[in-house]
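As structure tokens, the structure follows; a few thoughts come after it.
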Amino acid sequence: MNQQALSAFLWSVADLLRGDYRQSDYGKVILPLTVLRRIDCVLANSKEAVLAELANRTQQGVAPDPFLRRKSDATFYNTSPFDLKKLMGDQDNIAINLRGYIQAFSPEVRDIFDSFEFDAQIDRLSKSGLLYQVVEKFTQIDLHPESVSNYQMGLVFEELIRRFSELSNETAGEHFTPREVIKLMVNLLFVEDDDLLSKPGIVRAIYDPTAGTGGMLSVAEEYLTDMNPSASVSLFGQELNPESYAICKADMLIKGQDVGNIIFGNTLSDDGHPDQKFDYMLSNPPFGVEWKKVEKAVRAEHDQQGHNGRFGPGLPRVSDGSMLFLMHLLSKMRPAAQGGARFGIVLNGSPLFTGGAGSGESEIRRHVLESDLVEAIIALPTDMFYNTGIATYVWILSNRKPAERKGKVQLIDGSGFWQKMRKSLGSKRKELGEADIATLTRLFGDFAEANLARIIDAGGKEVGTEVVLKGEQAPQAPEGGKIKLAPLSKIMPNESFGYRTITVERPLMDENGNPVVALKGKKKGQPQPDTSRRDTENVPLSEDIQTYFEREVKPHAPDAWIDHDKTKTGYEIPFNRHFYVFEPPRDLSEIDADLLEVTDRIKAMIEEMAA
């Protein structure tokens, strides 16, 4: 069964709930029962062996837990004589038996259903007379891993969450990231390490502090194990939404991961992995979401621990907490002396440039650039995410840059690499194709500067594009057409994003037009500044302040001076400015000719109507 058919079948359960449940509550029943059926199918083959082992160990008076885990096909088990199909044999006691069946799971599985608060739904379904019908519906679908892969199951969960979130007017995109975006991020994380990761017996830890349903962790694990089946991959995560946490934990459980590594709670106020460091990390934190709820805890850590804590570089404005997750990931990097780390994080445009010199955002950018941690920033197309159509960027950071990347940042404009979806999903109208992902990965992996050549035919229509690496010849223009070149990948020194904000003062004048001088203090005899004429200038780090001042300010204000005590260093990454290509307007003679042609056509039409 393909994913669409499977999603449609599970969604059909909503027909049973309609009337007794509001649409916004369908997910409270369908999601936990989908997880339950999946786990039920996973354990089916070892059910009898587990029950026999339980009887044997109980007779011996031995704690059965470790033995049952070994007998099970998974790292968890169920000691009830029931499975979902056997529950159908006693309609009158379905509620009692279903509860007993769930309580007979090993503790980590019971925690999943506690997070779903499924016991309350058993009560509600039972009182509505729906419990037997709904559970029976789920017994009709085979969710065994041999029939439905873990990857496919993850897509099904994400599809269901998206639908339920739309029905309840929630933001579905907060819970998961489109799979093609994850694939691009995973490729970018690992492409430089392919040789290292293919060695036998490697051990790697991967972390997502905003795990959602676990999609990023799953794709990263699949990439590594496909490349190197002998690799030992440990997955770690934390998630705030109870339903997403439960699904993520169930997914990790079925894959044989240690579900104790998946923590429930708010990453910013209550770090679930306080002493852990990781090799690779991925995150898609919520965009533009304020962090007022956790402000007290975050500010306390910033003030009391400084750089020994997670938020030492600075604090962004309360209206957007995405840069807090960036700093959180920085604190989780395995030290370079122990092999180092690399991570990818999806951010909106705000962290690139919001905040002037000395602001929290600027200080965070200053920290990552002066510490030489930013490897690349890749612009994604708009309309890529389910809950927003805004421009987004993937930042890749590492504390073990290859020699050729040291002191540099690669900017890649991937905003033109997309294909239109057959059907929009919320705000998502575009997707990255396999070729798009391969092109962006190759540009990053090769650390190559490049232009994008747009091929325009004689009629002005774009008929194709071609990536032109630095030093390569642009393609030949078609007859009567032309080639338009635009920057695609640029490599820039870290300091090119830095500047100093200088304060330019002008003298305060008395009624006779003479400068007012200070009569005492350190500045006695010097002109007093006129605050109403005060101005600021941003001077690039690569330029001498006095040289800039003499050239740009003095010719226009000969009496001005710089107050050096107020000079601040700032950093911003004006991404779009570096990829802007000026297109001169058409020649006036062409425009005049077009206007004349249109005017003549209108005159002719009027004359025909008059006749």
Side-chain angles (χ1 to χ4, degrees), residues 184 188 347-354 365 369 374-384 389-396 408-420 429-430 432-433 435-499 538 540-543 571-591 594:
L184 171 63
L188 295 172
L347 298 170
N348 61 11
S350 177
L352 291 168
F353 52 78
T354 299
R365 289 190 292 269
L369 288 165
V374 183
E375 284 196 317
I377 300 173
I378 300 94
L380 298 178
T382 55
D383 302 322
M384 283 294 294
I390 62 173
T392 52
Y393 302 81
V394 176
W395 293 46
I396 304 295
K408 300 184 180 75
V409 175
Q410 184 177 13
L411 303 180
I412 301 174
D413 182 10
S415 60
F417 290 81
W418 55 273
Q419 56 192 32
K420 192 171 184 180
R429 299 177 181 86
K430 301 172 184 175
L432 292 167
D436 301 324
I437 294 172
T439 299
L440 296 174
T441 303
R442 187 168 60 252
L443 285 170
F444 173 77
D446 293 344
F447 194 48
E449 289 196 315
N451 288 320
L452 184 67
R454 294 170 56 211
I455 305 167
I456 313 294
D457 66 13
K461 183 181 177 183
E462 184 177 314
V463 293
T465 59
E466 188 175 315
V467 175
V468 182
L469 296 177
K470 187 176 182 180
E472 290 184 347
Q473 194 72 29
Q476 196 74 26
E479 188 174 345
K482 57 185 175 181
I483 299 293
K484 286 188 175 181
L485 284 175
L488 174 60
S489 172
K490 302 184 85 171
I491 296 169
M492 307 180 70
N494 292 340
E495 59 268 18
S496 66
F497 304 110
Y499 62 91
N538 288 340
L541 279 184
S542 56
E543 186 161 358
Y571 280 82
E572 66 174 8
I573 305 171
F575 195 98
N576 292 336
R577 192 192 306 164
H578 291 296
F579 291 91
Y580 173 74
V581 177
F582 173 72
E583 288 198 24
R586 289 194 304 155
D587 192 84
L588 279 174
S589 59
E590 286 184 37
I591 298 172
D594 285 349

Partners of Asn494 by side chain to side chain contact (heavy atoms under 4.5 Å, CB included), sequence neighbours excluded? Leu369, Asp372, Lys401, Val409
For Glu472, what residues pass the side-chain hydrogen bond (donor to acceptor under 3.5 Å, both in side chains) criterion, not counting sequence neighbours? none
Please, which pairs that meet salt bridge (Lys or Arg N to Asp or Glu O under 4.0 Å) have at least one residue in residues 454-466, sequence neighbours excluded? Arg454-Glu462
Got a sec, which residues hit side chain to side chain contact (heavy atoms under 4.5 Å, CB included) with Gln476, two or more places apart in sequence or on another chain? none
Partners meeting side chain to side chain contact (heavy atoms under 4.5 Å, CB included) with Tyr580 (sequence neighbours left out): Phe582
Quick one: are Ile573 and Phe353 in side-chain contact, heavy atoms under 4.5 Å? no
Residues two or more places apart in sequence or in another chain: which of them pass salt bridge (charged side-chain N to carboxylate O under 4.0 Å, His left out) with Arg429? Asp383
Residue set satisfying side-chain hydrogen bond (donor to acceptor under 3.5 Å, both in side chains) with Lys484, at least two apart, ordered chain then number -> Glu583
Not counting sequence neighbours, which residues clear side chain to side chain contact (heavy atoms under 4.5 Å, CB included) with Phe575? List them please. Leu352, Ile377, Ala379, Tyr393, Leu411, Asp413, Phe579
For Lys430, which residues count as a side-chain hydrogen bond (donor to acceptor under 3.5 Å, both in side chains) partner, sequence neighbours excluded? Thr382
Sequence-distant partners of Thr354, side-chain hydrogen bond (donor to acceptor under 3.5 Å, both in side chains), two or more places apart: Ser350
Side chains of Ser489 and Gln410: is there a donor and an acceptor less than 3.5 Å apart? yes
How would you list, by chain and number, every residue that makes a salt bridge (charged side-chain N to carboxylate O under 4.0 Å, His left out) with Lys482, sequence neighbours excluded? none
Counting only heavy atoms from other residues, nucleotides and ligands, does the tally under 6.0 Å from CD of Glu479 exceed 12? no
